[in-house]
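Atom set for the values below is all heavy atoms of this structure, side chains included, hydrogens, waters and symmetry mates excluded. None of the values given here were measured: they were computed from a predicted structure. Chain A is the first sequence line, chain B the second, and so forth, proteins listed ahead of strands; every chain is numbered from 1.
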Amino acid sequence: MDFMEKLNMQQREAAEQTEGPLLILAGAGSGKTRVLTCRIAYMIQKCGVAPWNILAITFTNKAAGEMRDRVNAAVGRYAGQVWVSTFHSACCRILRQHIDRLGYDRSFTIYDTDDSRQVIKEAVRQLELDPKVYKERSILARISAAKNEMIDPDGMEADAKRWEEKKTAEIYALYQRRLKQNNALDFDDLLLKTVELFQSEPEVLLSYQERFRYIMIDEYQDTNTVQFALVRLLASRYRNLCVVGDDDQSIYKFRGANIRNILSFEKEFPGCRVIRLEQNYRSTENVLQAANEVISHNQGRKKKTLWTENEKGDPVRFRQFPTGYEEAEFVVGEIAELSRIRQKPYSDFAVLYRTNAQSRLFEEKCISADVPYQIVGGVNFYSRKEIKDILAYLKTIDNGSDDLAVTRILNVPKRGIGQTTIGRITQYAGEREMSVYAVLLEADEIPGIGRSLPKIRSFTSLISRFRAASADYLSVRQLMEMILKDTGYQEELEAEDTDEARARIENLEELISKASDYENTAEDPSLSDFLQQVSLVADIDNVEEGADRVLLMTLHAAKGLEFDSVYMTGMEENTFPSYMSVGTGSDEEIEEERRLCYVGMTRAQKHLTLTAAQMRMVRGETHFHTASRFVNEIPRKMLDIGRDTSDSRRFLAGSRDYAASPADSRDLFRAGSHDTAAAQTLRKKTPLQGMREFKVTKAEALDYAVGDRVRHIKFGSGVVTAIQDGARDYEVTVLFDKAGVKRMFASFAKLQKE
DNA sequence: TATATAGTGTTTTTT
DNA sequence: ACACTATATA
């Protein structure tokens with residue numbers, strides 16, 4: 001039991017309290033994963049709990065894998081019997097066994113957000129609603145929110161007051177019917193259908209209650225209502241439920257996380273034990289203090305103060321730059337320097353930002369500075385076109401009733417089956433309530449199909465060849481290679497001979513290697529199971545362990561991770577906190593952003609640097625920003641604001657003025673984002689309040705003149721045709737050899753005289 | 001039927 | 001900036 005000795009008193013108490021409901025309030029870096037692991041080991045080795053009676057729910061597959069490894073190390077060979085998984089994969093596993101009781105086929109497929117959007121689009125079209133009013137994105141958000149609250153279409157209809165809400169409920173109903181016809185579940189359904197299963201089939205529920213006598217939920221603050229319902233059902237018999245969470249780290253309200261789940265756990269489970277873990281083992285005192293200061297600005301929280309015995313360490317730094325370009329240069333430059341001169345591994349560093357769009361500048365800098373990096377998230381690997389195409393073939397082979405998959409690949413690669421034909425087919429299928437694939441098999445019945453018939457025939461015979469091959473114990477990998485070859489998909493890409501096509505081929509190769517990996521590690525590999533795993537990977541799950549590279553990711557993705565050095569970038573009002581939450585003026589939303597800030601800051605072990613840019617390109621337009629309020633919430637004396645203090649001070653001061661008059665800040669934001677030309681003139685004549693703080697460094701003199709040849713990083717070479725001396729900067733007009741005439745500000749364009 | 005082009009809207013975070 | 005859609009044209 002030597003693993004228990006490493007625990008402090010509270011941790012130990014938490015690990016040894018195995019019976020009854022237990023709420024562990026675990027602050028950032030307080031060693032909760034260690035506690036959970038020890039708890040499992042303790043139960044098995046000391047209390048004689050059977051490993052298969054334990055269910056541990058983690059937030060990501062990656063966390064599940066890590067926990068499993070640790071449990072393995074602690075208790076050896078029985079660890080495999082413990083269920084460690086995410087909510088979604090646990091539900092998926094359960095539904096694969098029993099979903100036929102709800103009228104679905106057990107070979108159901110899982111729809112990702114793109115797939116769901118397609119279905120909604122189709123539903124809106126079918127109901128003859130205006131797609132401009134009923135946008136897939138927001139409809140899907142509504143449906144998802146409803147599902148998270150366990151509201152069905154009828155419930156939504158009943159609650160609906162306005163006409164659009166009624167219609168949304170109608171779309172929801174049709175959407176749900178289509179999913180069922182396609183034998184598909186969306187992410188929310190995985191949870192919802194499991195709850196439904198347990199509610200309608202008591203003996204199934206009982207068997208899982210008996211099986212999971214001990215339940216542990218990590219990141220409990222981010223569970224939503226369905227997840228809570230699920231937990232309550234499972235735990236209600238034995239009541240051995242241990243949840244671990246930190247209300248200060250709740251950052252998923254937008255996807256239904258219900259902070260009440262943690263705040264009212266004590267009411268839901270009377271007699272529950274509450275244990276607080278407040279000693280932080282991760283960060284230096286300086287980092288922790290600064291984070292505590294920021295989070296203390298939130299109102300509705302369980303009051304607690306993290307403390308540490310760690311050294312004081314370096315002060316938290318704040319640096320600001322004229323543009324995002326310089327910001328990225330600084331961050332990546334410093335990382336390159338520290339790793340080359342001070343021999344620090346790249347994996348010590350993480351660059352965090354609020355939105356995925358901000359990754360580009362850092363990526364570019366990493367490439368040019370030869371710094372190895374990995375971007376987490378962004379365009380999900382599995383939502384790339386070529387990957388979805390191949391997966392659609394696999395889905396068609398696996399589950400012929402998935403119309404979405406079938407229609408996707410019907411003419412991919414091009415085999416001369418056009419929109420009109422596809423339209424006729426889906427219409428015919430819709431009228432007869434048949435699946436598209438079933439219609440294809442009797443295509444000669446469809447009116448007006450004429451010339452396309454042989455093409456359809458060759459498609460269906462292709463698919464049946466694949467099916468036969470798949471049934472013939474062909475591995476997923478071999479099947480994929482066969483598809484790429486026999487459909488001509490690979491050939492088509494190779495013939496294209498562009499960088500983009502080559503990148504696609506690389507992605508496909510990666511998918512194939514993921515398939516081999518899967519086959520080598522899965523207990524009982526099958527096509528359905530592979531497709532399921534693929535649908536449920538999170539971005540963070542793709543982070544390879546042990547690789548020496550800088551990680552670039554959103555603050556959300558960073559949850560649960562830790563790094564020696566953390567750079568939190570884009571620390572500007574309207575970037576972070578996001579304009580979305582600033583604009584609403586709702587405290588709740590700002591508080592969620594503040595928690596996100598707290599999560600980011602507490603990722604740092606030793607070094608924490610906050611950076612900001614005064615000017616940033618957002619969706620092609622120039623925006624001016626002041627420093628984030630969160631920076632200002634850290635007392636100035638705790639912050640290192642740089643040697644050249646005048647600029648940072650001015651920047652901070654400017655944003656303070658700013659925060660004092662929110663109306664102005666909105667006006668300014670509008671001016672910057674919507675009416676650039678007008679706003680620019682306005683800015684030159686009458687600087688708005690706070691505006692004078694945004695002094696862009698104007699070059700004293702330019703080292704080129706009209707008529708000179710210059711080089712631009714992106715546009716190549718050209719001739720300067722005009723230079724206009726503006727109030728804040730020189731505006732240079734250049735006729736590029738390739739890119740044509742461009743006007744740009746000298747301080748940003750970085751033109752090189754040739 | 002396939003492709004080129006202009007026009008349009010959009011994104012905060014994700015299983 | 002970018003991706004997606006509708007329209008025109010080969």
- Item | Option among A:E588, A:E592, A:Q221 that satisfies the side chain to side chain donor-acceptor pair (under 3.5 Å) test with A:K253 |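 Exactly one option meets the side chain to side chain donor-acceptor pair (under 3.5 Å) with A:K253, and it is A:E588.
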- Task: Under 4.0 Å between any heavy atoms, over every strand shown, what does A:E593 touch: base, sugar-phosphate, or nothing? Just pick one.
- Result: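 The residue A:E593 makes base contact.
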- Message: Taking any heavy-atom pair under 4.0 Å as a contact, classify A:T421: base, sugar-phosphate, or nothing.
- Response: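 Sugar-phosphate, backbone atoms only, no base.
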Protein-nucleotides 4-10 of chain C N/O pairs under 3.5 Å:
| from | atom 1 | to | atom 2 | distance (Å) |
| --- | --- | --- | --- | --- |
| C:dT5 | OP1 | A:K121 | NZ | 2.9 |

- Query: Got A:D186 and A:L179 here, is their nearest side-chain heavy-atom distance under 4.5 Å?
  - Reply: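 Contact flag for A:D186/A:L179 side chains = yes.
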- Would you kindly compare A:I417 and A:T554 by the position of their nearest DNA chain B nucleotide and give the one closer to the 5′ end?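 The residue whose closest nucleotide sits nearer the 5' end is A:I417.
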- Note on the structure: Nearest-nucleotide check on DNA chain B, A:D188 vs A:N411; residue mapping nearer the 5' end is A:N411
[X] [atom1] to [N] [atom2]: how many Å, rounded?
X: A:H623; N: C:dA1; atom1: NE2; atom2: P; value: 12 Å
X: A:E621; N: C:dC2; atom1: CD; atom2: C1'; value: 13 Å
X: A:Q249; N: B:dT13; atom1: CD; atom2: P; value: 20 Å
X: A:R137; N: B:dT14; atom1: CZ; atom2: P; value: 11 Å
X: A:L555; N: B:dT13; atom1: CG; atom2: P; value: 11 Å
X: A:D115; N: B:dT14; atom1: CG; atom2: P; value: 18 Å
X: A:M580; N: B:dT11; atom1: CE; atom2: C1'; value: 7 Å
X: A:F59; N: B:dT14; atom1: CZ; atom2: C1'; value: 8 Å

- No-H, no-angle donor-acceptor pair, A:R354 side chain to B:dT13 base, under 3.5 Å: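 Indeed, a donor on one side and an acceptor on the other fall under 3.5 Å apart.
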Is the distance from OP1 or OP2 of [N] to the nearest side-chain N or O of [X] less than 4.0 Å?
X: A:R255; N: B:dT13; result: no
X: A:R360; N: C:dC2; result: yes
X: A:N356; N: B:dT13; result: yes
X: A:K559; N: B:dT13; result: no

- Kindly check if the number of other-residue, nucleotide or ligand heavy atoms within 6.0 Å of CZ (A:R142) is above 12?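 No, because the 6.0 Å sphere around CZ of A:R142 holds 12 heavy atoms or fewer from other groups.
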- Can you check whether A:F254 stacks with the B:dT13 base, using ring centres under 5.5 Å and planes within 30°?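 Whether judged by distance or by angle, A:F254 passes, so it stacks on the base of B:dT13.
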- Stepwise salt bridge (charged side-chain N to carboxylate O under 4.0 Å, His left out) check, A:E633 with A:R629: CA-CA 6 Å; A:E633 286 167 3; A:R629 68 189 70 191; 5.8 Å; no
- What distance separates A:L596 CG from A:E591 CD, expressed to the nearest 0.5 Å? 13.5 Å
- Query: Hey, do the aromatic rings of A:F59 and A:Y252 have their centres closer than 6.0 Å?
  - Reply: yes
- If we ignore angles and hydrogens, is there a donor and acceptor under 3.5 Å between the side chains of A:Y373 and A:E363?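 Per modelled atom types, A:Y373 and A:E363 side chains form a pair under 3.5 Å.
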- Item | Contacts of A:E491 that satisfy salt bridge (Lys or Arg N to Asp or Glu O under 4.0 Å) - sequence neighbours left out |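 Testing A:E491 for salt bridge (Lys or Arg N to Asp or Glu O under 4.0 Å), a comparison that skips the adjacent residues, returns none.
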- P atoms of B:dT13 and C:dC4, separation to the nearest Å: 15 Å
- Message: Of the listed nucleotides (B:dT15, B:dT13, B:dT10), which one gets closest to any side-chain atom of A:R619?
- Response: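 Closest of the options to the side chain of A:R619: B:dT10.
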